[in-house]
S.K.: 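Quick one: structure below, then a few questions.
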Amino acid sequence: MTADDTLTHYDFRNVESHWQEEWEKAGVFTVPDIPPAGKPKYYVLEMFPYPSGQLHMGHVRNYALGDVIARYKRARGFSVLHPMGWDAFGLPAENAARERGVHPKEWTLANIAAMRETLQRLGFSLNWDREIATCLPDYYGKQQKLFLDFLKAGLVDRRESWVNWDPVDHTVLANEQVVDGKGWRSGALIEKKKLSQWFLRITKFAPDLLDGLKTLKRWPDRVRVMQERWIGRSEGARLRFSLAQPPHGFDENLDSVEVFTTRPETLFGMSFLAIAPDHPLAAKVAARNTEAAAFVAECRRMGTSVEAVETAEKRGLDTGLRVSHPFLPDATFPVWIANFVLMDYGTGALFGCPSGDQRDLDFARKYDLPVKAVVLPAGEDAASFGITKKAWTGEGTMINSGFLDGETCEAARKEAIARLEGLGIGSGVVNWRLRDWGVSRQRYWGCPIPVIHCESCGAVPVPDDQLPVVLPEDVTFDRPGNPLDHHPTWKHVSCPSCGKPALRETDTFDTFVDSSWYFARFTAPHADTPTVRAAADGWLAVDQYIGGIEHAILHLLYARFFTRAMRETGHLDVTEPFAGLFTQGMVNHESYKDSDGNWLYPEEVERGSSGATHRGTGNAVTVGRVEKMSKSKRNTVAPSAIIDRFGADTARWFVLSDSPPERDMEWTEAGVAGAGRFVQRLFRIVRSVVADCTADAALPDDISTAGDTLRRATHRTIAAVTEALEGFAVNVAVARLHELTSALADAERSAKEAGVAFARREAARTLSLLVAPMMPHLAEELLAALEPGQSLAAERSWPEADPALLAVTQVHLAVQIMGKLRGTIEAEPDEDPAAVLARAEAEPNVARLLEGQRIVKRIHVPNRIVNFVVAK
RNA sequence: GCGAGCUUGGCGGAAUGGUAGACGCACGAGACUUAAAAUCUCGAGUCCUAAAAGGACGUGCGGGUUCGAGUCCCGCAGCUCGCACCA
């Protein structure tokens with residue numbers, strides 16, 4: 001490379017690592033555990049990654065966006081906490097162990113090292129001293145402490161629950177791992193099995209989790225709506241139906257069935273009672289009736305398959321049992337086991353009112369059960385109104401309903417509840433869809449649940465002084481099931497309470513537990529306690545949380561629950577963990593297939609004007625849909641390869657350009673090359689400013705038009721970029737920076753005019769500072785060239801726009817006739833309306849078209865528009 | 001089925017009810033060069049029309065409000081996402 005090249009070519013390879021070292025040396029991104037007084041704090045957090053082995057473009061986009069916010073806020077004078085860590089427990093590590101014989105720990109730590117390196121090459125302003133990995137005892141030991149505190153506070157339960165059991169792998173599967181009733185790995189028919197499991201009592205906070213949503217003003221509406229529905233509050237009544245004439249030999253303790261309903265006023269329209277296949281009463285029936293037993297077993301099998309739910313036909317089986325009606329002492333109704341009744345919701349039983357509920361109607365039609373209309377819609381006649389194929393679920397007037405007749409639904413609802421309460425068989429209740437959170441997993445690579453099971457003392461918490469319960473490393477993966485359970489010695493301990501031989505819990509926590517409090521741990525990542533109050537309370541809530549929409553429900557809800565539980569157990573004193581949430585879109589890419597239908601990697605494909613061909617063979621390639629980058633479609637682009645070719649700033653600039661961050665973007669070769677050209681262009685332009693304009697170039701009193709124009713462009717850009725960044729419109733900020741860059745380049749032509757040298761220096765310096773959040777390395781390089789030996793760009797304040805230069809000196813006014821643009825005129829800002837109107841009317845084209853027309857109205861919106869309304 | 005969102009040039013997209021298409025990508029023309037790359041300049045919604053002036057049409061479709069609608073209101077279609085028998 002010649003000396004000349006160093007002035008015209010930006011050598012990102014050396015420059016980027018150099019500035020990363022400078023930042024590190026200066027400790028620019030380091031903040032103390034206790035937020036410093038006298039400066040406002042700002043906590044920026046991106047969802048931490050699972051260490052799968054390679055950073056992908058989705059991460060780059062996520063973290064680039066977060067880094068823009070972090071660097072921008074830092075420049076605005078905030079003390080910014082911006083940490084990074086690893087969601088490091090999880091099944092892929094165990095799969096790697098089984099498939100390739102690598103130990104999960106080794107695999108995970110190697111992946112972390114590789115991904116950390118890529119992250120660091122991208123130059124994110126992260127406080128690396130705070131790095132945590134959830135798979136290290138330092139982290140999960142504190143999690144065990146939290147769990148024990150929750151246990152003491154009554155926020156934990158142990159109870160039996162149904163799980164999907166894979167009989168081949170000897171493991172429990174999540175619902176999404178069960179495909180068509182079969183295990184996703186083993187292909188074995190999945191069984192429903194009851195296991196004793198640990199539950200976190202999230203339902204205890206259901207009302208508060210719902211109410212809290214209202215305070216989350218800076219969350220996307222749709223995420224709030226999703227959570228609201230997930231929590232699922234509904235008002236209604238619970239009531240007991242007594243079993244009429246239980247058959248001989250039936251359990252005498254089971255003399256009634258409790259149901260939940262939101263429509264107690266429709267009780268008179270009842271024609272059957274339905275219970276879930278998993279309902280205890282169904283089990284009783286199945287025990288004496290083989291037909292029922294077969295039906296229940298079948299429902300249980302079907303229940304897990306997604307397909308089954310979608311195509312679900314309503315099916316049921318009459319148990320032969322009957323219940324009495326609370327308001328009609330002489331009437332009894334059949335009890336059915338029905339496949340559409342969920343044991344998980346309400347009481348697992350319902351009364352069917354076919355006229356008022358479509359499902360009940362479908363069921364009634366199928367099994368020929370009576371349908372009685374009880375709600376008369378407005379405008380219908382009671383004598384002729386009937387329900388045929390469509391249930392009426394709306395409001396109306398009660399009919400055929402005894403003492404409720406003539407009332408509105410709402411009044412009748414209240415009255416029905418009052419009557420049930422009077423009879424002592426029911427009451428108004430609020431029901432929640434939210435279930436307690438089962439956290440037990442029969443896995444090795446997770447946080448051990450710190451409990452010891454003793455035959456005499458039951459489940460005994462591991463004493464604090466024995467924490468952390470460390471995962472043993474000498475485990476084997478040569479047979480199915482949980483390696484912790486197979487370990488020869490690990491689980492054999494003595495009971496902390498009575499000292500007798502006892503067994504360790506071999507289940508580990510759901511990995512969602514790990515990510516439910518990491519944001520709090522980041523505030524004091526090396527503390528001996530899970531949190532340090534002053535640190536957690538000082539930094540939390542996270543001011544801006546950024547991540548994918550896929551975590552809209554579970555992760556965010558669990559984190560909100562954990563925060564409340566931690567508050568209740570004294571670990572912190574905030575209620576909502578994330579004050580602002582931003583969900584960014586995905587990174588998509590074209591997909592390619594060869595003639596044999598095999599997916600091809602982008603680097604195997606040559607795109608020409610006549611279509612796409614294979615680089616090696618020259619064969620035609622089919623260009624498929626633009627879709628989410630995924631390994632299976634091979635439409636991925638590796639960030640490290642992009643950094644090698646174009647540098648970190650180019651990669652960052654490209655993912656931030658064009659598409660609004662909340663929307664999906666398409667990664668294209670041309671796009672990233674274009675970003676790379678811009679990096680070089682900006683570098684050249686600023687270098688020419690350094691060469692042309694001396695650092696002491698002064699602002700003359702009589703600045704030339706060219707100089708003034710550039711200065712105004714500079715200050716307008718400051719305002720526009722600031723506004724765009726405040727609103728997350730990074731793509732708009734990028735556009736404004738392109739414009740200023742072009743304006744600066746144009747000014748070179750007027751280099752000799754008065755004040756242009758000053759204006760060019762000002763523009764170049766401003767531009768460097770404004771691009772810094774997106775392209776921090778280039779910003780440092782530019783600023784160092786402009787102002788050698790001064791402070792780092794990363795430490796500088798955000799530029800301020802001079803209001804005097806934001807004021808418009810001349811306005812370009814549109815002139816319309818009947819709302820159609822017919823010409824433009826120039827005007828002084830806030831010029832006398834009469835003069836403006838006169839000039840508008842005289843504009844040649846306007847005058848021509850107004851000829852012979854009668855103007856009935858002249859509209860003048862100062863500094864914006866003139867519109868003439870003419871008579872027709 | 002329920003809910004949310006989206007729909008603007010060849011493409012990504014911009015636009016407090018006030019000149020639609022900023023900015024970028026791709027494309028075309030030109031300059032520089034022996035040549036290419038790089039770079040720079042210019043052009044470009046569609047049509048009347050090859051160009052200019054001018055005009056017509058134009059932000060998924062149909063209505064409405066308004067002097068004026070991509071933007072607000074009503075209805076419809078298409079696409080995407082989420083939840084999905086929640087009693």
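Below, chain A is the first sequence line, B the second, and so on; all start at residue 1.
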S.K.: Checking understanding here: a glycosidic angle within 90° of 0 is syn, the rest anti, so what is B:G30?
M.R.: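 Because its glycosidic torsion lies more than 90° from 0, B:G30 adopts the anti conformation.
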S.K.: Applying a 4.0 Å non-hydrogen cut-off, can you work out what A:Val856 is touching in the nucleic acid: base, sugar-phosphate, or nothing?
M.R.: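 Contact class for A:Val856: none.
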S.K.: I'd like the P distance from B:G5 over to B:G9, given in whole Å.
M.R.: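 So the two P atoms sit 22 Å from each other.
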S.K.: Below 4.0 angstrom from OP1 or OP2 of B:G24, is there any side-chain N or O of A:Arg736?
M.R.: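 Checking A:Arg736 against B:G24: no side-chain N or O falls below 4.0 Å of OP1 or OP2.
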S.K.: Can we call the ring centroids of A:Phe268 and A:His325 under 6.0 Å apart?
M.R.: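 Judged by ring-centre distance (under 6.0 Å), A:Phe268 and A:His325 do meet the cut-off.
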S.K.: Please pick, from B:G24, B:U19, B:C83, the nucleotide with the shortest atom-to-atom distance to any side-chain atom of A:Arg229.
M.R.: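 For A:Arg229, the side-chain atoms sit closest to B:C83.
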S.K.: Quantified in whole Å, what is the P atom distance between nucleotide B:C6 and nucleotide B:G58?
M.R.: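 Nearest-Å result for B:C6 against B:G58 at atom P: 24 Å.
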S.K.: Of A:Ser234 and A:Arg222, whose closest RNA chain B nucleotide lies nearer the 5' terminus?
M.R.: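 Between the two, 5'-proximity favours A:Arg222.
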S.K.: Are A:Tyr558 and A:Phe512 close enough that their ring centres sit under 6.0 Å apart?
M.R.: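 Between A:Phe512 and A:Tyr558, which both carry aromatic rings, the centre distance is below 6.0 Å.
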S.K.: Calculate, to the nearest 0.5 Å, the distance between atoms CD and CZ belonging to A:Glu298 and A:Arg315 respectively.
M.R.: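 Here the rounded value is 4.5 Å.
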S.K.: With no hydrogens and no angle check, is any side-chain donor or acceptor of A:Arg839 less than 3.5 Å from a backbone partner on A:Glu826?
M.R.: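 Between the backbone of A:Glu826 and the side chain of A:Arg839 there is a qualifying donor-acceptor contact (under 3.5 Å).
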S.K.: Could you check whether A:Asp362 gets within reach of a base, just the sugar-phosphate, or nothing at all, counting any heavy atom under 4.0 Å?
M.R.: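 The residue A:Asp362 makes no contact with any strand.
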S.K.: Write down the protein N/O and nucleotide N/O pairs, taken from nucleotides 37-42 of chain B, whose separation is under 3.5 Å; answer none if there are no such pairs.
M.R.:
unit_1 : atom_1 : unit_2   : atom_2 : d
B:U39  : O3'    : A:Arg684 : NH2    : 3.3
B:C40  : OP1    : A:Arg681 : NE     : 2.9

S.K.: By the 4.0 Å heavy-atom rule, please label A:Thr824 as base, sugar-phosphate, or nothing.
M.R.: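 Base, at least one base atom sits under 4.0 Å.
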S.K.: Any sub-3.5 Å donor-acceptor pair from A:Gln816's side-chain atoms to A:Met818's backbone N or O?
M.R.: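 Not confirmed, A:Gln816 side chain does not pair with A:Met818 backbone.
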S.K.: For A:Arg822, which contact category applies under a 4.0 Å heavy-atom criterion: base, sugar-phosphate, or nothing?
M.R.: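 Counting heavy atoms under 4.0 Å across all strands, the contact made by A:Arg822 is with sugar-phosphate only.
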S.K.: Give me the distance, rounded to whole Å, that separates B:A77 from B:C67 when you measure between the P atoms they each carry.
M.R.: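 B:A77 and B:C67 have their P atoms separated by 32 Å.
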S.K.: Is the positively charged end of A:Lys314 above the ring of A:Phe363, judged by distance under 6.0 angstrom from the centroid and angle within 45° of the axis?
M.R.: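 Here A:Lys314 fails the 6.0 Å and 45° test against A:Phe363.
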S.K.: Rounded to whole angstrom units, what separation is found between the CG atom of A:Leu821 and the P atom of B:C57?
M.R.: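 Atom-to-atom, A:Leu821 to B:C57, this comes out as 14 Å.
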S.K.: Counting only side-chain N and O atoms of A:Asn731, is one of them less than 4.0 Å from OP1 or OP2 of B:A22?
M.R.: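 No, no such contact exists.
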S.K.: Under 3.5 Å, which N/O atoms of the protein pair with N/O atoms of nucleotides 66-69 of chain B?
M.R.:
unit_1 : atom_1 : unit_2   : atom_2 : d
B:C67  : O2'    : A:Asn867 : ND2    : 3.2
B:C67  : O2     : A:Asn867 : ND2    : 2.6

S.K.: Hey, does the side chain of A:Lys820 come within less than 4.0 Å of B:G55's phosphate (OP1/OP2), counting only N and O?
M.R.: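 No, no such contact exists.
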S.K.: Can you check the distance between B:G64 and B:C11, where both ends of the measurement are the C1' atom (answer in whole Å)?
M.R.: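 The same atom, C1', in both gives a distance of 34 Å.
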S.K.: Are A:Tyr367 and A:Ser271 close enough that a side-chain donor and a side-chain acceptor fall under 3.5 Å?
M.R.: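 No, A:Ser271 and A:Tyr367 have no side-chain donor paired with an acceptor closer than 3.5 Å.
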S.K.: With the side chain of A:Asn845 defined as its heavy atoms from C-beta on, choose the nearest nucleotide among B:G24, B:G54, B:U19.
M.R.: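 Given the options B:G24, B:G54, B:U19, the side chain of A:Asn845 is closest to B:G54.
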S.K.: Looking at the side chain of A:Phe340, which of B:C85, B:C25, B:A84 is the nearest nucleotide?
M.R.: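 That would be B:C85.
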S.K.: Using the criterion of both pairing distances under 3.5 Å for Watson-Crick and G-U wobble pairs, give all stems of 3 or more consecutive pairs involving RNA chain B.
M.R.: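 Result, WC/G-U stems under 3.5 Å: B:1-7 with B:77-83, B:10-12 with B:23-25, B:27-31 with B:39-43, B:45-48 with B:54-57, B:60-64 with B:72-76.
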S.K.: Does any part of the side chain of A:Phe12, heavy atoms only, come nearer than 4.5 Å to the side chain of A:Thr650, both counted from C-beta?
M.R.: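 The answer is no, as the side chains (C-beta and beyond) never meet within the 4.5 Å cut-off.
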S.K.: Calculate the interatomic distance between A:Arg224 atom CZ and B:G5 atom P; express it in whole Å.
M.R.: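 Answer to the nearest Å: 12 Å.
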S.K.: So, applying side chain to side chain contact (heavy atoms under 4.5 Å, CB included) with A:Phe868, which one of A:Ile859, A:Leu837, A:Val856 is it?
M.R.: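 Answer to the side chain to side chain contact (heavy atoms under 4.5 Å, CB included) test with A:Phe868 among A:Ile859, A:Leu837, A:Val856: A:Leu837.
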S.K.: Take the protein atom CG of A:Asp658 and the nucleotide atom C1' of B:A26, then report the distance between them rounded to whole Å.
M.R.: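 It works out to 12 Å between those atoms.
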S.K.: With a 3.5 Å distance limit and no angle check, can you tell me whether A:Ser355 reaches the backbone of A:Ala391 through a side-chain donor-acceptor pair?
M.R.: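 Checked: no pair found.
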S.K.: For A:Arg663 and B:C6, give me the distance from atom CZ to atom P, rounded to whole Å.
M.R.: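 Rounded to the whole Å, the gap is 8 Å.
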S.K.: Quick one: A:Ile549 CD1 to B:G3 C1', roughly how many Å, whole number?
M.R.: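 Result: 13 Å.
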S.K.: Over how many whole Å does the gap from A:Glu666 atom CD to B:A26 atom C1' extend?
M.R.: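 Going from CD in A:Glu666 over to C1' in B:A26 covers 12 Å.
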S.K.: Given atom NE2 of A:His551 and atom P of B:G82, what is their separation to the nearest angstrom?
M.R.: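 Distance, rounded to whole Å: 13 Å.
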S.K.: Can you check the distance between B:A15 and B:G68, where both ends of the measurement are the C1' atom (answer in whole Å)?
M.R.: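 Each nucleotide's C1' atom is 16 Å from the other's.
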S.K.: Hey, does A:Leu849 reach any base, or is it just sugar-phosphate, or nothing, if we go heavy atoms under 4.0 Å?
M.R.: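 If one applies the 4.0 Å heavy-atom cut-off, A:Leu849 turns out to touch the sugar-phosphate alone, with no base involved.
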S.K.: How do A:Val734 and A:Leu350 order along RNA chain B: which one's closest nucleotide is nearer the 5' end?
M.R.: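 Between the two, 5'-proximity favours A:Val734.
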S.K.: Taking the C1' atom of each, how far is B:C72 from B:U66, in whole Å?
M.R.: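 Comparing C1' positions in B:C72 and B:U66 gives a spacing of 10 Å.
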S.K.: Evaluate the ring-ring contact (aromatic ring centres under 6.0 Å, His included) criterion for residues A:Phe683 and A:His9: first the C-alpha distance (whole Å), next the side-chain angles of each, then the deciding distance (0.1 Å), finally the verdict.
M.R.: CA-CA 8 Å; A:Phe683 177 79; A:His9 182 81; 8.0 Å; no
S.K.: I need the CG-P distance between A:Leu740 and B:G24, as an integer number of Å.
M.R.: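 Distance check: A:Leu740 CG to B:G24 P gives 13 Å.
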S.K.: Classify the nucleic acid contact of A:Pro660 as base, sugar-phosphate or nothing, counting any heavy atom under 4.0 Å across all strands shown.
M.R.: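 Here A:Pro660 touches the backbone only, sparing every base.
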S.K.: Is the A:Trp219-A:Phe582 ring centre distance short of 6.0 angstrom?
M.R.: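 Ring centroids of A:Trp219 and A:Phe582 are no less than 6.0 Å from each other.
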S.K.: Are the side chain of A:Asn845 and the backbone N or O of A:Arg822 linked by a donor-acceptor pair below 3.5 Å?
M.R.: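 Confirmed, A:Asn845 side chain pairs with A:Arg822 backbone.
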S.K.: In whole Å, what separates the P atom of B:U19 from that of B:C25?
M.R.: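 That atom pair is separated by 26 Å.
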S.K.: Would you call A:Glu410-A:Arg413 a salt bridge at under 4.0 Å N-O?
M.R.: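 No, no charged N to carboxylate O under 4.0 Å.
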S.K.: Between B:C79 and B:C42, how far apart are the C1' atoms? Round to whole Å, please.
M.R.: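 It comes out at 39 Å once rounded to the nearest Å.
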